[in-house]
**Q** 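One structure, pasted below without further comment.
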Amino acid sequence: METDLSAVALVAQVEPWLVRFAEVWIGWKLWLSDWTAVSHPVLHAYLGVLAQILFAAFARRGLASWWPWLLVLALECWNELLDWSRALAYGSAGRALAVETAWDIVFTMALPTVLLALARCFPRLNGGVAAPPVAGA
């Protein structure tokens, strides 16, 4: 007798409210994708950048700070946890969902990672003060 004792499966079994919340959340995501006529992966990319910028603005930190990037990653992990909790509750989890989860994380974090790298490597892009030019050069 084989049982799935993964943490997500246990959460889905112990907390039915999480599965109900996941159903509503997934419904909103599908509605947003239909309403905007933007594909699911592109929505992940756009919303990842939007979340990073909003987190940076509300935290009063620049895009060179790790905090906005980490908050986007945490939000994306929560989103994927909801997807998995619903799939496990209905028995539809499998390799396809694992691949989709990996791609969702890649699409969500790609542009925020580029923004973080650019802001850290080129502080002038982030509103930082550049070194003054050398006199006589």
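Only this structure's heavy atoms are used, side chains among them; waters, hydrogens and symmetry mates stay out.
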**Q** Is there a chain of hydrophobic side chains (I, L, V, M, F, W, Y, each step under 4.5 Å between heavy atoms) that links I53 to L71?
**A** no
**Q** Is there a path of hydrophobic side-chain contacts, each under 4.5 Å between heavy atoms of I, L, V, M, F, W or Y residues, that connects F58 with L50?
**A** yes
**Q** Search all heavy atoms of A119 against all heavy atoms of L63 and return the closest pair with its distance.
**A** CB-C, 3.7 Å
**Q** For P68 and F55, work out which heavy atoms get closest and say how close.
**A** O-CD1, 3.9 Å
**Q** Ignoring hydrogens and geometry beyond distance, is a side-chain donor-acceptor pair present between W25 and D83 at under 3.5 Å?
**A** no
**Q** Can you check whether T108 reaches L47 side chain to side chain, under 4.5 Å on heavy atoms?
**A** no
**Q** Go through the steps to decide whether D104 and H40 satisfy the test side-chain contact (heavy atoms from CB on, under 4.5 Å), and finish with yes or no.
**A** CA-CA 9 Å; D104 284 351; H40 184 80; 3.5 Å; yes
**Q** Membership question, hydrophobic clusters at under 4.5 Å side-chain separation (ILVMFWY): are L73 and L75 in the same one?
**A** yes
**Q** In terms of hydrophobic clusters joined by side-chain contacts under 4.5 Å, are L54 and W28 together?
**A** yes
**Q** For L32, does its backbone N or O pair with a side-chain atom of T36 as donor and acceptor, under 3.5 Å?
**A** yes
**Q** Starting at OG of S39, measure out to OH of Y46 and round the result to the nearest 0.5 Å.
**A** 8.5 Å
**Q** Main chain of V38, side chain of S33: is a donor-acceptor contact present, judged purely on distance under 3.5 Å?
**A** yes
**Q** With side chains defined as the heavy atoms from C-beta onward, is the minimum distance between H44 and N79 less than 4.5 Å?
**A** yes
**Q** Could you measure the distance from the CH2 atom of W66 to the CZ atom of R61? Nearest 0.5 Å is fine.
**A** 13.5 Å
**Q** Classify the ring geometry between W35 and W31 as parallel (under 30°), tilted (30 to 60°) or perpendicular (over 60°).
**A** parallel
**Q** Ignoring hydrogens and geometry, is there a side-chain-to-backbone donor-acceptor pair from T113 to M109 under 3.5 Å?
**A** yes
**Q** Kindly say whether A64 contributes a backbone atom to a donor-acceptor pair with the side chain of R120 at under 3.5 angstrom?
**A** yes
**Q** Mind checking the CG-OG spacing from L70 to S65? Nearest 0.5 Å is all I need.
**A** 8.0 Å
**Q** So which atom in L111 and which in Q52 form the shortest heavy-atom distance, rounded to 0.1 Å?
**A** O-OE1, 4.5 Å
**Q** Is the shortest heavy-atom distance from the side chain of V49 to the side chain of P112 under 4.5 Å?
**A** yes
